Amino acid sequence: MPEQWKMICRLKDMPQAGARMVQRGLAWQDLPGVALFRAVDDTVYALLDTVPCLGGPLAHGVLMEINLMGPKNSWIIELDSGRLVAPVQGMARMYAVRIMDGRIYLDVNELNIPASKAEQALAGSYAVLPHVQMAV
């Protein structure tokens with residue numbers, strides 16, 4: 001399946017060492033979004049906004065170089081690998097990011113793949129559909 005890149009926002013519109021949310025699916029599907037994180041070196045990471053094994057949103061974490069730390073240091077994720085390193089081990093779902101001409105793009109086909117069996121059942125025959133909208 002060929003890649004289909006969707007512009008999400010301009011790099012300069014994302015705060016350095018900050019996060020931005022991208023919604024997935026249709027409104028009625030209530031799917032976890034994708035959290036974008038911009039490191040101080042302008043590298044952008046995209047991960048499913050769910051802490052692996054523990055639940056809860058990744059977007060509540062604080063960016064420390066290439067690590068994302070949960071509130072009160074309750075968890076740590078390496079953004080370059082998606083690996084949850086503390087307090088338990090696990091893997092966050094990562095999404096491909098492309099930056100061209102100062103704009104951030106995500107692959108729509110990759111966003112449409114269900115993130116879990118429950119999400120796949122919820123989507124049913126509608127799948128996730130190629131609807132990507134930036135959260136405000």
Side-chain angles (χ1 to χ4, degrees):
M1 184 180 308
E3 297 170 333
Q4 295 180 358
W5 295 94
K6 167 90 174 166
M7 190 189 93
I8 303 302
C9 64
R10 295 180 301 187
L11 184 62
K12 70 179 185 177
D13 292 338
M14 270 195 75
Q16 277 209 317
R20 174 160 277 184
M21 289 299 303
V22 177
Q23 294 177 336
R24 296 175 51 242
L26 301 172
W28 63 267
Q29 291 176 312
D30 194 29
L31 303 177
V34 173
L36 294 179
F37 299 97
R38 179 182 176 191
V40 292
D41 66 354
D42 289 339
T43 303
V44 176
Y45 302 96
L47 291 92
L48 186 68
D49 188 37
T50 303
V51 180
C53 306
L54 303 173
L58 280 181
H60 290 179
V62 176
L63 195 58
M64 305 293 281
E65 296 183 23
I66 62 164
N67 291 328
L68 188 64
M69 299 182 74
K72 299 179 185 172
N73 298 331
S74 56
W75 45 263
I76 301 171
I77 292 181
E78 297 172 343
L79 290 176
D80 58 347
S81 66
R83 192 167 68 103
L84 175 67
V85 293
V88 295
Q89 293 186 357
M91 292 297 293
R93 180 167 178 176
M94 298 182 68
Y95 295 88
V97 176
R98 181 178 283 177
I99 300 175
M100 292 186 311
D101 300 324
R103 292 181 173 91
I104 300 169
Y105 294 84
L106 295 177
D107 183 356
V108 174
N109 292 326
E110 191 176 23
L111 291 171
N112 289 337
I113 298 170
S116 67
K117 289 182 180 181
E119 187 175 297
Q120 187 173 9
L122 176 65
S125 61
Y126 291 101
V128 180
L129 297 177
H131 172 75
V132 178
Q133 179 181 344
M134 235 180 57
V136 182

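Every value quoted in this text rests on a predicted model; they were computed, and no experiment measured them.
Residues Ile99 and Phe37 do not share a hydrophobic cluster, clusters being chains of Ile/Leu/Val/Met/Phe/Trp/Tyr side chains in contact below 4.5 Å. Both Val97 and Ile8 belong to a common hydrophobic cluster when Ile, Leu, Val, Met, Phe, Trp and Tyr are linked at side-chain heavy-atom distances under 4.5 angstrom.
Residue Leu111 holds its CG atom at 6.5 Å from OH of Tyr95, rounded to the nearest 0.5 Å. Rounding to the nearest 0.5 angstrom, the gap separating the CG atom in Asp80 from the CG atom in Asn67 is 7.5 Å. Note that CD of Gln4 and CG of Asp107 are 7.5 Å apart. Values are rounded to the nearest 0.5 Å. With values rounded to the nearest 0.5 angstrom, Arg83 atom CZ is found 12.5 Å from Met94 atom CE. For the atom pair Leu106 CG and Lys6 NZ, the distance stands at 10.5 Å (nearest 0.5 Å). Here the straight-line distance linking atom CE of Met21 with atom CG of Leu36 works out to 8.5 Å at 0.5 Å rounding.
Taking Asp13 as the reference, Arg10 meet the side-chain hydrogen bond (donor to acceptor under 3.5 Å, both in side chains) condition, with sequence neighbours excluded. Here Glu65 pairs with nothing under the side-chain hydrogen bond (donor to acceptor under 3.5 Å, both in side chains) rule; sequence neighbours left out. Considering only residues two or more places apart in sequence or on other chains, Asp101 meets the side-chain hydrogen bond (donor to acceptor under 3.5 Å, both in side chains) condition with none of them. When the salt bridge (Lys or Arg N to Asp or Glu O under 4.0 Å) test is applied to Asp42, the partners found at least two apart in sequence or on another chain are Arg38. Listed by chain and residue number, Pro71 satisfy the side-chain contact (heavy atoms from CB on, under 4.5 Å) test with Ser74 (two or more places apart in sequence, or in another chain). With sequence neighbours left out, Thr43 forms a side-chain hydrogen bond (donor to acceptor under 3.5 Å, both in side chains) with Asp41.
Contact between Gln16 and Val40 at its shortest, heavy atoms only, is NE2-O, 3.0 Å. When every heavy atom of Leu79 is checked against every heavy atom of Tyr45, the shortest pair comes out as O-CD2, 3.3 Å.
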Distance-only check: which donor-acceptor pairs under 3.5 Å involve side-chain atoms of residues 85-92, not counting sequence neighbours?
none

Taking only distance into account, with no hydrogens and no angle test, what donor-acceptor pairs under 3.5 Å do side-chain atoms of residues 46-64 form with protein atoms, sequence neighbours excluded?
unit_1, atom_1, unit_2, atom_2, d
Asp49, OD1, Leu58, N, 2.8
Asp49, OD1, Ala59, N, 2.8

